[in-house]
Every structure is written in C-alpha cells, then in structure tokens.
K.L.:
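Have a look at this one before I ask anything.
Since the structure is predicted, the reported quantities are computational estimates derived from the model, not experimental observations. The figures that follow rest on heavy atoms only: side chains count, while hydrogens, waters and symmetry mates do not. So that the names make sense, note that chain A is the first sequence line, chain B the second, and so on, each numbered from 1.
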Number of protein chains: 2
Amino acid sequence: MALHRRVADEMKSAVAEGVYAVGSSLPSESELAQRYGVSRGTIRQAFALLVAEGVVASRQGARRVVVADTRTQSFGQLHSFSLWARSIGAVPSGRVVRLERRPATAVEVGQLELSAGDLVFFLTRLRLLDDLPVMIERTAYPDRIGELITATAAESGSLTDQIEAHGFVFAQAEHVIDAVAATAEDARLLEVGRRAPLLRARRRTRDPSGLVLESSEDRYAADAVAFLVHNSAEVNTMSRFTSS
Amino acid sequence: MALHRRVADEMKSAVAEGVYAVGSSLPSESELAQRYGVSRGTIRQAFALLVAEGVVASRQGARRVVVADTRTQSFGQLHSFSLWARSIGAVPSGRVVRLERRPATAVEVGQLELSAGDLVFFLTRLRLLDDLPVMIERTAYPDRIGELITATAAESGSLTDQIEAHGFVFAQAEHVIDAVAATAEDARLLEVGRRAPLLRARRRTRDPSGLVLESSEDRYAADAVAFLVHNSAEVNTMSRFTSS
DNA sequence: GAGTGGTCTAGACCACTTG
DNA sequence: AAGTGGTCTAGACCACTCT
C-alpha cells in the first residue's frame, strides 16, 4: 500500500472516530509530515484523496477543515452489488431472468467498442437485498469476458469476483443516471406498480488500459436506493445532459 | 492560471481536435515535460485532472491512453442552471412559485448547519429551457445569502451570478440522486402526468472554507435531463445508499 | 533491457489568511 | 509578520509493460 494511501486512511479513521470533529481544523501539512515521518508532498497526496471524497475542505492560507465523516464506498463496493450488500449488512442474491450469447446489436457495438458481428453475452438479473427485489440489471459483456459467466455463478453471487479471479481488473466507470417509468417486465420483477418511477444507472466499466469490460443498465426501485456524488471546483467528475 | 491547469486544457483541446484520437496513446511524461518546458511533476498534475475527468486512462509501465473526448462541464455549469442552459445553446428562464423568509425547520437546520431559530430564505422556482418546463428547484439559503435574493432577480436569471457578485464562492457540492413520483404540484408545474417519474437531485453547496451556502432539491422531468458521473479505482467520488 | 508511469523526497517561491 | 496551503522543480528509486 502506498504511503499516501495509508496516511489518507488513517486520517479518515481519525475523523470517523471523532479525533477530528466535523467542522474543526486539521494540523498543518508540515506538522503531519513530521508526525508520520514523510515528506510534505506525501501529505499533500493524501489530502488530495480526502478532498476528492469530500471529507476535507481546503483553501490557500488557512488550515484544512473537516466537512464530513462520510465513509465513501470503495470503487469495488460501488461496482459489485454483492460486495456492497454485504458491506451494509444485507444478504445479496440474484435471479437470472435471461442469459444469452448472440451477435452484438449496433448499440452494443458502440457501447462495448466492438466490431460489427462480434458476439456478446447478455444477462438479465433481478437483484435482491434480504430477499426483497431492489434492482434489475441488464448487462452486456464482450465475448472474452462473457465466456467466464455461467448461470449458476450468476445465481449464486458475484460475477465481479468471478471475472476478477480471471485477472480482469475494473479500473474506471462512467454512469449515466436518470429516471424512467417501469415497463411491464420491470414492474413484475421489482413488484412495483406499472409506470412506477425507477432510478436508472447506465454503466460502462473499463480495465486499466481503457478496454470496455461491460455495459450495464441497472434499474432500481425508487425508494430503495440513491446515489451520492461529491464534486468540487478543482476536480469535477459530474455533468448534466439533456437526454432528448 | 496554474501551469498544470494550462497543460491539461491544452491536452484536452488536442484530444477534442483529433490530434490524439480516442483509443490512441499519448506521449510520455518526459517528452511532454520537455515540449511544454515544465517539470515532470507538473505534467503529472495535469494528467491527474484528465484522469479524474475520465478523458485518459493510466496504467503503470504503459503509455497513457485516450478513452474519451468528453468535454466535462465545469463546476460552474453544473451548479448554475442559467450558465448550463446557455452553454448548450438554450435560453434559460425561471418562474418564481414561492419566496419566503422564515425560521429554519429542523431539517433545514441540519442541512444548512445552522442553529435552531435561525432564519432561512426558501425559494421555489420553475426552470425552463426555451420556454419548456424542465425542472423544479426548491432551495433554502441561510439568511446571510438569502438577503441578496429578490424576486425580480430570481425571475430574470441567475441567482448564482447574484450571489457570486457579492463575493461568495461556490467551491464544492454533494448531490444525492434518486427517483420520485411527481406530486400534484410537480405535475402541474412541469406539465407531466400525476405520478410521472422525476429525477431528483438534492444538492448542498459549500464555500472554500466548508460553510454551507445553499441546500436545494431539484426535480427534473424524466425525459429532459440525465447526469453523467465518472469514477475510478484511485479516486472515487460516488457511492450508493439504501435510502430507506 | 529500455522505457514508462507510480511514489517519495527536499527545497524553493508565491498567494493568502490570521491557526 | 508568521504561518499555511498552492505550485513548481530536480532527482531518485521502484514496479511494471513492451518488444
């Protein structure tokens, strides 16, 4: 583990434990550098992480201030339904609705950055927390990933684990988030009314070299889940689009 | 403007202009350092911005790769409806539904980090793009901000401009995004059906020192707007919550 | 083995706040 | 005026990719 990552984690723990209260000031960079026995640059790297996560506010000339003790979820927890479920103390499960291997549609060719005629695995799963239906996941995998997928694995739990076990690394993702009305199938599976509001997240995940590993459309029952996003003037990872 | 910011902007322009195609590799850090006449550290600062915005993928040992030419919106565009509207070539307008000054509710005291009994300005506005209703904005301002707000300013355009003109700086924000069904008032104002799905973004904005400047609940017509969020294993600004 | 990005250090100067 | 964070430099070593 990198030094700056370790420092950041320790600072975050200290905030969570109340050593530094929300609203209070933090020690200066030079003091922390001395305390941890690292250079000022390493302390700054650590703070860059905390600022991005919205834990700390920074302004020139003044000490940094704690603004929240939000323990941001790891990228892994955001990516894997199973991991996330366990982290909040719920029991995740999945029910395979459809699993097929077929030529990619034009849209999928674009999404997965394939060539025309390439095969994809397409999986529709209902995801449950403590046996309550929460989300419908419709995911397209390029063939090289898809061939790792079996119906039994999809039923029992985490495909993410399965895929990572074969050496694929999920490194970055983009999410397009909007609201839609439930279709007949959505309503039946999620046990909500027809046309009920659903939170939709269309996700595309890449490995460290930028190759697309999956493209998914997730639909959450409206009262089940929300997303929290933090952004700042320095680093902004969020934008707003007209979808029409 | 900081050197690394300038380098990042130039790289982004180069990608947008096709100098570096999506999918292709970028020059090495040392080559860019020489070309721009800066140190390697500055080039790395520039790339940190581009990686956070999802323009570039990075992995140890290999050259960086261009993964998208998404021109991420600035923090300002994300924050100001007026600025955003103009940036996409639409004409923004606003209609004040309610504007009141009153003691903060318990929830608002928490949201705005006030003390019990403090006053807030509460503004409900319908926002339109090219005269089409798109969003309802219900915003609470602490008194020191709210006293800058007049009904005429709220009608004519950007309160953000108004507030910034008085020296307040919007530095960071957190957004909780989910889906809700339209209430009777929502439906009437947005001209959608009762119980139509709406995309809801609850936003809290802070100044550089961490003070809360506003707390807002925005409801978008489902087919009007979507949010795009980019995240990565290194820096993750997004998380998923059970809202129940 | 050469090249590249990831990490860390030490030091310098500046802009800003008031610890 | 002192302290603090923001920026930039130069150099070092390591882990990893690539051919």
K.L.:
Between Arg101(A) and Glu147(A), is there a side-chain N and carboxylate O pair less than 4.0 Å apart?
P.N.:
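The answer is no: the pair does not qualify as a salt bridge.
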
K.L.:
Name all pairs fulfilling the salt bridge (charged side-chain N to carboxylate O under 4.0 Å, His left out) condition that reach into residues 162-176 of chain B, sequence neighbours left out, sorted by first residue then second.
P.N.:
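Output for this query lists Glu174(B)-Arg204(B).
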
K.L.:
Go along nucleotides 1-10 of chain D 5' to 3' and tag each nucleotide: B for a protein heavy atom under 4.0 Å from its base, S when only backbone or sugar atoms are that close, - otherwise.
P.N.:
--BBBBBSB-

K.L.:
Quick one: list whatever passes side chain to side chain contact (heavy atoms under 4.5 Å, CB included) with Leu112(B), sequence neighbours left out.
P.N.:
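Partners of Leu112(B) under the side chain to side chain contact (heavy atoms under 4.5 Å, CB included) test: Leu114(B), Val120(B), Ala140(B), Pro142(B), Val212(B), Ser215(B).
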
K.L.:
Is the gap between the ring centers of Tyr220(A) and Phe227(A) under 6.0 Å?
P.N.:
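Judged by ring-centre distance (under 6.0 Å), Tyr220(A) and Phe227(A) do meet the cut-off.
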
K.L.:
Do the side chain of Gln73(B) and the main chain of Arg240(A) share a donor and acceptor less than 3.5 angstrom apart?
P.N.:
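Yes, Gln73(B) side chain to Arg240(A) backbone: donor-acceptor pair under 3.5 Å.
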
